[in-house]
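Working notes, beginning with the structure itself.
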Amino acid sequence: MKAGRATVIARYRLRSGSGDVARVLDGIGRDLAAFDLPQSYRDDVRIVVAEVLNNIEEHAYAGVAGKLADLTLCLGAEDLVLRITDRGRAMPAAASPEGDPLIGTDLPRFDPMRMQDWPEGGFGWALVRRLATRVTYRRQGGRNRLEIVMTRPD
Amino acid sequence: MEMHFTDHGEAGVVTVAADRVDAAIAIRFKETFRTLVAEGETDIILDLSQVTFLDSSGLGAVVAAQKLIGPDRRLILVGLQPAVDKVMTLTRMNTVFAIHDSVADALAPEPVLRP
């Protein structure tokens, strides 16, 4: 691959509630295995993609099956850029990633001594923020558009 | 998703015979776990050594599993593979669970603390 020239290495179209998420994660594992990327980074990408796609199914589409999402992986010398589009509900303003992974949603707070309060959810965006370099959200043309940049390790 | 239970006396071992615990199977995970362990009284060692991927829903299912057996029984996690360990660590949920490398380690008697 030419240095500095980013290339789309994979495109996926998913239907919600169909098991496509797991198949796509397996596909991404294979897509990335063709490049000189450590397993740890490939795991990071799959974790980010899983959380985003799960959020789309659960929140953008409110659990309705059969709805479309599109995912593109664009690999450059410095980073991998994920672009995910869906046609579901807009992300509420309070939950928007705002383009800076250091601002906004954080891990759920809880008292470890109170087991009944241990969180069973709400981890997704915090995981994405910790693994991605930059997250950008736009609402355009009735679609949610996420762009997630994941810097490659040295 | 398959899960089976073996009785080791002081603890029961629940082995997850699946390569992923994710949003698609989280509900089945909780229901199957409940079926296997709800009646017992011992700590439960959850063997995740075959699980190579766990998302935040899978993590939620593990937390639910601990809540299911209640505060008097510990859920002990063993065999965390790299991606699973990463999710546990990034979410800091590795600080609320006992985690061991293997079932044998988890079953080993607690060392006696010397003054």
Exercise for the section: Flag the pair D117(A) and K67(B) as a salt bridge only when some basic side-chain nitrogen lies within less than 4.0 angstrom of an acidic carboxylate oxygen. Expected result: no
Exercise for the section: Inspect the contact between D55(B) and R46(A) and indicate whether a charged nitrogen and a carboxylate oxygen are less than 4.0 angstrom apart. Expected result: no
Taking [Y] as the starting point, is it possible to reach [X] by hopping between hydrophobic residues whose side chains are less than 4.5 Å apart?
{"X": "V149(A)", "Y": "L80(A)", "result": "no"}
{"X": "I84(A)", "Y": "V64(A)", "result": "no"}
{"X": "V37(B)", "Y": "I76(B)", "result": "no"}
{"X": "I45(B)", "Y": "L77(B)", "result": "no"}
{"X": "L75(B)", "Y": "V13(B)", "result": "no"}

Let me confirm one number: the [atom1]-[atom2] distance from [X] to [Y], rounded to the nearest 0.5 Å.
{"X": "M93(B)", "Y": "E120(A)", "atom1": "CE", "atom2": "CD", "value": "9.0 Å"}
{"X": "L107(A)", "Y": "L90(B)", "atom1": "CG", "atom2": "CG", "value": "8.5 Å"}
{"X": "I47(A)", "Y": "F53(B)", "atom1": "CD1", "atom2": "CZ", "value": "6.0 Å"}
{"X": "F123(A)", "Y": "R92(B)", "atom1": "CZ", "atom2": "CZ", "value": "11.5 Å"}
{"X": "M115(A)", "Y": "I69(B)", "atom1": "CE", "atom2": "CD1", "value": "7.5 Å"}
{"X": "K86(B)", "Y": "L131(A)", "atom1": "NZ", "atom2": "CG", "value": "6.5 Å"}

Select one option (side chain, backbone, both, neither) describing which atoms of [X] are under 4.5 Å from chain B's heavy atoms.
{"X": "A22(A)", "answer": "both"}
{"X": "L25(A)", "answer": "side chain"}
{"X": "Q116(A)", "answer": "backbone"}

[atom1] ([X]) with more than 12 external heavy atoms under 6.0 Å:
{"X": "D19(B)", "atom1": "CG", "value": "yes"}
{"X": "R139(A)", "atom1": "CZ", "value": "yes"}
{"X": "E39(B)", "atom1": "CD", "value": "no"}
{"X": "D111(A)", "atom1": "CG", "value": "yes"}
{"X": "R15(A)", "atom1": "CZ", "value": "no"}

Exercise for the section: Pick one of side chain, backbone, both or neither for A24(B), based on which atoms fall under 4.5 Å of a heavy atom in chain A. Expected result: neither
Practice task
With the side chain counted from C-beta on, respond yes when L127(A) and S56(B) share a heavy-atom pair under 4.5 Å apart, and no when they do not.
Solution key: yes
Problem - Min side-chain heavy-atom separation Q39(A)-P82(B) under 4.5 Å - result: no
Exercise for the section: For chain A, find which of V87(B), T52(B), L54(B) contributes the most heavy-atom pairs closer than 4.5 angstrom. Expected result: V87(B)
